[in-house]
**Q** 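Sending over a structure as structure tokens; questions will come in a sec.
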There are 2 protein chains.
Amino acid sequence: MTLRKAGSPDEGTKRKPITARELARMIGVSQSAVSRAFTPGASIAPDLREKIRQHAAEMDYHPNAIASMLSKSRTNIIGIVVSDMQNPFYPALIEKLSRALQQIGLQSLLFNIAKGSNLEEQLSALRRYNVDAVIVISATILSGQTLLWATEGRAAILINRIIEDVDLSCVACDNAQGARAVADHFHALGRRHVAYVAGLSHTSTNRERRNAFITRVAELGMFLSTQIEGSEYSYHAGRRAAMKVLENAPKTDAIFFANDILAIGGIDALKDQVGCRVPEDIAVAGFDDIAIAGWPHYDLTTFRQPVDEMVRVVVQMVEEGSCAPGKPPIVKRLSGELVVRGSTTLMGT
Amino acid sequence: MTLRKAGSPDEGTKRKPITARELARMIGVSQSAVSRAFTPGASIAPDLREKIRQHAAEMDYHPNAIASMLSKSRTNIIGIVVSDMQNPFYPALIEKLSRALQQIGLQSLLFNIAKGSNLEEQLSALRRYNVDAVIVISATILSGQTLLWATEGRAAILINRIIEDVDLSCVACDNAQGARAVADHFHALGRRHVAYVAGLSHTSTNRERRNAFITRVAELGMFLSTQIEGSEYSYHAGRRAAMKVLENAPKTDAIFFANDILAIGGIDALKDQVGCRVPEDIAVAGFDDIAIAGWPHYDLTTFRQPVDEMVRVVVQMVEEGSCAPGKPPIVKRLSGELVVRGSTTLMGT
DNA sequence: GTTGATTTTGCATGCGCATTCAATTTTTTC
DNA sequence: GAAAAAATTGAATGCGCATGCAAAATCAAC
């Protein structure tokens, strides 16, 4: 790490970085040699490689990644498509994902798909930038067709989203397992009038959680007191939904919120808007296990998504290229675990 | 948006995208013409441009951004250096920032600087990828020298961070203003024994908030009952700090937490660990105004950072290139506003 | 209808590195 | 020690687009 010498004549000028050719000339080797010195596995004598790297360090030479991309037609950039950073689950996921990618030399280019913005323009950047793979974390917004178009010709993986009419690889939590675990837990607690609350109704995530939950509830002989499907996954949507549950079905004694941020809003509303006790009067469970769920004040029972494993699997698929275009799409289902806390039982912490 | 024809002969093959030269040949014009058709302000007849764009759309031609970068030596990529995605303030900021950049055709390459990872390797990517500018959101970790090295030769802007020994542009909230506003507010409420709680002690942000707060507290004739400087900005650090405040100075009747996530942890600990009433026994104020601060349960009085304006200013600086290397660094101080809520007063909501 | 000014177009070249191919050197083998 | 095999090197070319320059075409003015 050579620092710019203060007071050097070109102080303040935008110095153009040194190129491989220039470096080569100075050392007295060919440009190819320099290139090889920085290409793992290239055919070059160990001493020469070492010598070149030495000089390179001295001259502060760094291979130009752009030029490399052009000639290798490989960018080492992964496009990450996101739409919701409000739900803390996503930032946490993105953070882990981008770190894991960095570990193996891949950078993350963020594509923030806003509701208002025009998707096509955003996504066309995805294509023009020639990203090596696309990882879609956005639960919503994009239609299968749009997605297919955007990822055409490159590896693509959806996280926590399944699209029936479109062939794309996918890594997801076993939503049905989670929903059943919650139903079983409610049943074991002696609850009988349970409600289900979702955010967006048309997502595959919601469909899976809802269907599995409702089915299991029926199997166990419990009553589905009511079912709310709002328009978004947010704290305030959770509050509204909780109120609606009480309005629709006052006898409800347990609520399964389709994710934690909803559940947390729900708990607050139940407690401070109607003086309801959680879990005595109503047990509450969520899904995800975001950090807030573990805060003592909420102490939310929730089904924990195996985030670390999801990241691991995704990164592995990217690395192996097993999600490359042309290959048959892979669908990985990972199982999570129910984390029982104080929002459903009194015994815990 | 032309979709791949199902059943076409090359089904499943990685189709190489069409190039400008190929398109040109098909239309019967030169490659330059195609290039110009997609270059705003290039010298080309309007009809030709239209015609080419038409054909391009039909043939699903998209200019290859990588090649463009190489010849223009401009990437349209902005490096965003981040280290903490746990504090919700940052994801929110990143989201807005990346959207604003997208609006003007700039993409965001994420550099996630983890504590454990080796910085140099991460940051060397920053240089190799030739990003047009670097925006540093990381409050911590990087030393001024490292930062200088990483951003050498390109535009750079720090957000909410000032480094004395190094010349870099910076956009920050007026921390002193905020701290004084909180002190004034406490004073107006009749509080006299106030405490200050920070996360990382060595950040410029903390220094500014602390010094201004302490100074104003003295000016107003209040007592600084205690001062805690922890090791991180997190919910649990906030809880610990609150307990420590009570331990050190039981007479404390108001606490200023250097950011919201600390304050929220503090409120929870005060309430459920020692049965303290907020605001009756202790008034609590934070800094940032993250979404959680507005949740009815916390209803946290806080100094709101002008996030939108910060984003606006940063994007403008990037766009105008006023933070380009060689130019004198610009330091922008933006003022925020105190948002008074229930954690300090009973009159509100 | 001309000449000069202006716009439009194509050709050729370069951005910086990766890679193929042939030339050269080194190593191995008998 | 010579021939064959293997490893190493450099020259040359291409990745796909942007752009300077000169040729061609269009327009303006008389």
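If you're wondering where the values come from, they're calculated on a predicted model, not measured in any experiment. Chain letters run A, B, ... following the sequence lines, proteins first, then strands; residues in each count from 1.
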**Q** Rounding to a whole Å, what distance do you find between B:Arg49:CZ and C:dG10:P?
**A**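 That distance rounds to 14 Å.
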**Q** Taking atom CZ of B:Arg53 as the centre, does the number of heavy atoms from other residues, nucleotides or ligands within less than 6.0 Å exceed 12?
**A**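 Yes - once you tally the heavy atoms of other residues, nucleotides and ligands closer than 6.0 Å, there are more than 12.
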**Q** So, B:Asn130 versus B:Arg128: side-chain donor-acceptor pair below 3.5 Å or not?
**A**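 No, B:Arg128 and B:Asn130 have no side-chain donor paired with an acceptor closer than 3.5 Å.
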**Q** Using every non-hydrogen atom in the two residues, find where A:Ala42 and A:Arg36 come nearest and quote the distance to one decimal.
**A**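 Here A:Ala42 and A:Arg36 meet closest at CB-O, 3.7 Å.
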**Q** With salt bridge (charged side-chain N to carboxylate O under 4.0 Å, His left out) as the criterion, how do B:Asp60 and A:Arg127 come out once you've worked through the C-alpha distance, each side chain's angles and the decisive distance to 0.1 Å?
**A** CA-CA 11 Å; B:Asp60 202 24; A:Arg127 319 187 84 202; 3.4 Å; yes
**Q** What integer distance in Å separates B:Ile44:CD1 from D:dA25:P?
**A**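 Distance, rounded to whole Å: 17 Å.
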**Q** Can you tell me how far P of C:dG16 sits from CZ of B:Arg74, to the nearest Å?
**A**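 Whole-Å distance recorded here is 17 Å.
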**Q** Any side-chain heavy atom of A:Ile162 sitting closer than 4.5 Å to one from A:Val331?
**A**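 The answer is yes; the side chains approach within 4.5 Å.
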**Q** Of all heavy-atom pairs between B:Cys170 and B:Arg161, which one has the smallest distance, and what is that distance?
**A**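 It is SG-O, 3.3 Å.
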**Q** Just how far, in rounded Å, is C1' of C:dT25 from CG of A:Leu48?
**A**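 Nearest whole value for this atom pair: 13 Å.
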**Q** Given atom CE of A:Met69 and atom C1' of C:dT19, what is their separation to the nearest angstrom?
**A**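 The answer, rounded to whole Å, is 18 Å.
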**Q** Could you state the atom-to-atom distance from CG of B:Asn130 to P of C:dG16 in whole Å?
**A**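 Rounded to the whole Å, the gap is 9 Å.
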**Q** Counting any heavy atom closer than 4.0 Å, what does B:Leu70 reach on the DNA or RNA strands: base, sugar-phosphate only, or nothing?
**A**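 Contact class for B:Leu70: base.
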**Q** Give me, pair by pair, the N or O atoms of the protein and of nucleotides 17-21 of chain D that are less than 3.5 Å apart, along with how far apart they are.
**A**
residue : atom : partner : partner atom : Å
D:dC17  : OP1  : B:Tyr61 : OH           : 2.8
D:dC17  : OP1  : B:Asn64 : N            : 3.1
D:dC17  : OP2  : B:Ala20 : N            : 2.5
D:dA18  : OP1  : B:Ser68 : OG           : 3.4
D:dA18  : OP2  : B:Ser35 : OG           : 2.5
D:dA18  : O4'  : B:Ser71 : OG           : 3.0
D:dA18  : N7   : B:Gln31 : NE2          : 3.4
D:dA18  : N6   : B:Gln31 : OE1          : 3.1
D:dT19  : O4   : B:Ser32 : OG           : 3.3
D:dG20  : O6   : B:Arg36 : NH2          : 2.9

**Q** B:Ser43 has a side chain; which of C:dG16, D:dT9, C:dT8 sits nearest to it?
**A**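 Closest of the options to the side chain of B:Ser43: C:dT8.
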**Q** Go through A:Asp132 and A:Lys72 one step at a time and tell me if the salt bridge (charged side-chain N to carboxylate O under 4.0 Å, His left out) criterion holds.
**A** CA-CA 11 Å; A:Asp132 290 342; A:Lys72 283 202 302 197; over 6 Å; no
**Q** What is the distance, rounded to the nearest whole Å, between atom CG of B:Asp47 and atom P of C:dT7?
**A**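 It is 15 Å, rounded to the nearest whole Å.
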**Q** Any base atoms under 4.0 Å from A:Ile66, or only sugar-phosphate, or nothing? Heavy atoms, all strands.
**A**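 The residue A:Ile66 makes no contact with any strand.
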**Q** Rounding to a whole Å, what distance do you find between B:Ile27:CD1 and C:dT9:C1'?
**A**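 Result: 14 Å.
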